[in-house]
**Student:** 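Structure below; questions to follow.
The structure displayed is predicted, hence computed values, not measured ones. By convention in this document, chain letters (A, B, ...) are assigned in the order of the sequence lines, proteins followed by strands, and residues within each chain are numbered from 1.
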There are 2 protein chains.
Amino acid sequence: MKQKVTLKQIAKELDVSISTVSKALKDSVEISLDTRQKVKAFAKLYNYKPNNIALSLKNRKTKTIGVIIPEIVHHFFTTVIGGVEKVANEKGYNVIICSSNNSFDKEVINMEMLASGSADGFILSVAKETQLKKDYHHIQETMNQGMPVVMFDRIIDEIVCDKVIIDDTKGAQMATNHLLSLGCRRIAILTTVDYISVGKLRTNGYLNALRSYDIVHDDSLILKIEDIDHCEEEIEEFLKDKDIDAVFAVNELFAVNAIKVLRNSGKNVPEEVRVVGFTDGILAKHFIPSLTVISQHGEEMGERAATILIDKLEGSDDLTEEYKTVIIDTSLVERQSTKK
Amino acid sequence: MKQKVTLKQIAKELDVSISTVSKALKDSVEISLDTRQKVKAFAKLYNYKPNNIALSLKNRKTKTIGVIIPEIVHHFFTTVIGGVEKVANEKGYNVIICSSNNSFDKEVINMEMLASGSADGFILSVAKETQLKKDYHHIQETMNQGMPVVMFDRIIDEIVCDKVIIDDTKGAQMATNHLLSLGCRRIAILTTVDYISVGKLRTNGYLNALRSYDIVHDDSLILKIEDIDHCEEEIEEFLKDKDIDAVFAVNELFAVNAIKVLRNSGKNVPEEVRVVGFTDGILAKHFIPSLTVISQHGEEMGERAATILIDKLEGSDDLTEEYKTVIIDTSLVERQSTKK
DNA sequence: TTGTAGGCGTTATCAG
DNA sequence: CTGATAACGCCTACAA
């Protein structure tokens, strides 16, 4: 079992110095054509590849991006990762992905681990627990150490850094407006508890839309779901005997469960109740009826985040004190769940 | 913007030598209690963290596992990753994930990139293209360089290494048997083209099951789908006017589309046609009717793969020439799509 | 045209 | 008890 070949070994075999080999491999004119060819042939033969670790140490950069997300088994996040990977690979960067599993502690551990030499910068969507706990020292610290951080989707207002988000409020407003424009007036919303930033914003969008139609919102039509694992029960309880003509759900799962519950109680979607969801995932596309949703364009988010991060990484270190917040457009994808 | 603190800096500040600092931080008895405390206090204050890169270089290992999968936006694979991350993190390993996007070239590039210093070993599920092309030099090479590789799910028989798979044949047989035991006799199969290893195996399982019931298989009931993006059309064309009482689909998407097509042509699932899928994902759980499927226990696969890899990484380098193939049990998850 | 030396951050060995 | 030195693999300025 042969080990990896190093410059040193090649040098010894060829009886030249290490730096000669190094230069020859870079086609430096300092080295005679003859030696160059000899070295390169030898290197190819032994399948020489420079050791990334050594390069990282020398150059004080790893050429890898750390991505930390709340859940890896989640279509939206993997879509974003797809976007990140795409531009990262184009620009010669590696991507390390860690999931915090929505745990504050795991987020901190992962971040510190990657920050101590494994990554040059971060793309981050914070854990639920972090949003609840409001403890952001780990993020602040890695930024203080000079590593750029780009947050996306679940961001933290108090932290000053680059951000890529969608306008959740506007998206929710768009969704609700769509229902209103179809004539719906008693629109229920299935949302999350307030400490989830995106849930709160989407609730606000819903309220805005109602207001713009001069409708006074009815608190009994608002369900803030605490436990996503038991959302079906919560939704069932909530929708029971409720007089509504539409549902706006802040994610796919809530939307699908709403349809299920409605159907079980004899109400058809979209004929009697229209449903709009948020996030354009697998379920939305393949469910019957297929779901009208607000698409977040996850891949684009990932691409933008990666572009910003890499620009910062490669830009002159001086003018880095500018932070931008990019807002990705959402769009309404009309499908069967709101058809006439 | 303060930079990361190094031993050197601490040493200078405290006016001691680098090695004293290093030892003090490790609580070496060589160092006086006094100095130890001083150093540690200072280190804490400046939030010193040893630089992973330097450690990697020194120790000749990175403590990270490279995972290469065909698609990141895929529930099964992310489930597996979840399992890998779980045991990796427990054992102090990092996980780098790269997707090959089912491209041979990207698989090679990613593998070489990670192999040249970024990872100590690999967990790999090969790209479609690689299976088609049958070019495995990159895998063989990284193994030759002494890096262990564990393959899972989409494996390559010709490569000798550790493997974690399910018994696809048996799983498919179980699925088909279930349909047969319910009295179905004209069972269609929606499968993939043969070069996808798992597709072929599942087809075999289907055939085995029929054989065990002394049923001669009917080629007109076998659809090998080429283009997964247009599977709905293919399925529609195929099922049109077909006299069947059950469908076995080798993945969720095929199953869901089958149900859709059947319903559109006026056949109810499960009343008139029963459907079984493979892979227990989001769709299976939430579709209406919910899908009876063969569960692959992805998380467990990931855990096993990671355990095997880490054992190999940490085991004595001598007795590494043993390779095992772990077969994870599949199980039938009964849901509505096969209910009476 | 080639080689030497120093350094990236750390640890281990050995000398003081 | 403390410190100097070498080494991990690579690169580069500066000799020779």
**Student:** Just to be sure I understand the rule, does Leu7(A) reach a base, reach only the sugar-phosphate, or reach nothing, if contact means heavy atoms closer than 4.0 Å?
**Tutor:** sugar-phosphate
**Student:** Could you check how far CG of Asn52(B) sits from P of dC8(C), rounded to whole Å?
**Tutor:**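 Interatomic distance, CG of Asn52(B) to P of dC8(C): 18 Å.
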**Student:** Any N or O donor-acceptor pair linking the side chain of Ser19(B) to the base of dT11(C) at under 3.5 Å?
**Tutor:**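 Absent.
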**Student:** Please report, rounded to the nearest Å, how far the C1' atom of dG9(C) is from the CD1 atom of Ile18(B).
**Tutor:**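 Taking atom C1' of dG9(C) as the reference, CD1 of Ile18(B) is at 8 Å.
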**Student:** So where does chain A start and stop touching DNA chain D, 5' to 3', when the test is distance under 4.0 Å to a non-hydrogen atom?
**Tutor:** dC8(D) to dC14(D)
**Student:** Using only heavy-atom distances, decide whether a donor-acceptor pair under 3.5 angstrom links the side-chain of Lys49(B) to the base of dG9(C).
**Tutor:** no
**Student:** Return yes if some donor-acceptor pair links the side-chain N/O of Lys163(A) with the main-chain N/O of Ile156(A) below 3.5 Å, else return no.
**Tutor:**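 Yes: the side chain of Lys163(A) pairs with the backbone of Ile156(A).
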**Student:** Can you tell me how the ring of Phe152(B) sits relative to the ring of Phe76(B), calling it parallel under 30°, perpendicular over 60° and tilted otherwise?
**Tutor:**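 Correct class here is tilted.
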**Student:** dA12(C) C1' sits how many Å from Arg60(B) CZ, rounded?
**Tutor:**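 Going from Arg60(B) (CZ) to dA12(C) (C1'), I get 14 Å.
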**Student:** OP1 or OP2 of dT10(C) less than 4.0 angstrom from a side-chain nitrogen or oxygen of Lys26(B), does that happen here?
**Tutor:**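 For dT10(C), neither OP1 nor OP2 has a side-chain N or O of Lys26(B) closer than 4.0 Å.
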**Student:** Could you check how far CZ of Arg36(A) sits from C1' of dT2(C), rounded to whole Å?
**Tutor:** 13 Å
**Student:** Using a 4.0 Å heavy-atom cut-off, does Thr6(B) contact any base of the nucleic acid, only the sugar-phosphate backbone, or nothing at all?
**Tutor:** sugar-phosphate
**Student:** Apply the test side-chain contact (heavy atoms from CB on, under 4.5 Å) to residues Ile328(B) and Val164(B): give CA-CA distance (whole Å), side-chain angles for both, the deciding distance (0.1 Å), then the verdict.
**Tutor:** CA-CA 7 Å; Ile328(B) 304 283; Val164(B) 178; 3.8 Å; yes
**Student:** Indicate whether any N or O donor in one side chain lies under 3.5 Å from an N or O acceptor in the other, for Arg154(A) and Asn102(A).
**Tutor:**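 Yes.
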**Student:** Check the distance between dA12(C)'s P and Leu25(B)'s CG and give it to me in whole angstrom.
**Tutor:** 13 Å
**Student:** Please classify the nucleic acid contact of Leu55(A) as base, sugar-phosphate, or nothing, using heavy-atom distances under 4.0 Å.
**Tutor:**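 The answer is sugar-phosphate, as Leu55(A) gets under 4.0 Å only of primed atoms, P, OP1 or OP2.
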**Student:** Without decimals, in angstroms, what is the distance between Leu33(A) CG and dT1(C) C1'?
**Tutor:**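 About 12 Å, once rounded to whole Å.
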**Student:** How close or far is atom P of dG9(C) from atom CG of Asn59(B), stated in whole angstroms?
**Tutor:**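 Taking atom P of dG9(C) as the reference, CG of Asn59(B) is at 16 Å.
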**Student:** At under 4.0 Å between heavy atoms, what does Ser32(A) touch on the DNA or RNA strands: base, sugar-phosphate, or nothing?
**Tutor:**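 If one applies the 4.0 Å heavy-atom cut-off, Ser32(A) turns out to touch the sugar-phosphate alone, with no base involved.
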**Student:** Considering heavy-atom distances to DNA chain D, does Lys23(A) or Gln9(A) have its closest nucleotide positioned more toward the 5' end?
**Tutor:** Gln9(A)
**Student:** Starting from the C-alpha separation in whole Å, work towards a yes-or-no answer on side-chain contact (heavy atoms from CB on, under 4.5 Å) for Ile10(B) and Val5(B).
**Tutor:** CA-CA 7 Å; Ile10(B) 300 183; Val5(B) 193; 3.7 Å; yes
**Student:** Closer than 3.5 angstrom, by distance alone: can the side chain of Asp162(B) be matched with the main-chain N or O of Leu309(B) as a donor-acceptor pair?
**Tutor:**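 No, the answer is negative, given that no donor and acceptor are paired below the 3.5 Å cut-off.
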**Student:** Without decimals, in angstroms, what is the distance between Asp27(A) CG and dT1(C) P?
**Tutor:** 13 Å
**Student:** Under the side chain to side chain contact (heavy atoms under 4.5 Å, CB included) test against Ser99(B), which residue among His74(B), Lys106(B), Glu71(B) passes?
**Tutor:**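 The option that passes is Lys106(B).
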**Student:** Give the intermediate values and the outcome of side-chain contact (heavy atoms from CB on, under 4.5 Å) for residues Ile139(A) and Val126(A).
**Tutor:** CA-CA 10 Å; Ile139(A) 304 173; Val126(A) 296; 4.0 Å; yes
**Student:** For DNA chain D, whose closest nucleotide is more 5', that of Leu57(B) or that of Val16(B)?
**Tutor:**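 On the 5' side of the pair lies Val16(B).
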**Student:** What's Thr35(B) touching, base or sugar-phosphate or nothing? Going by heavy atoms closer than 4.0 Å.
**Tutor:**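 Sugar-phosphate, no base atom in range.
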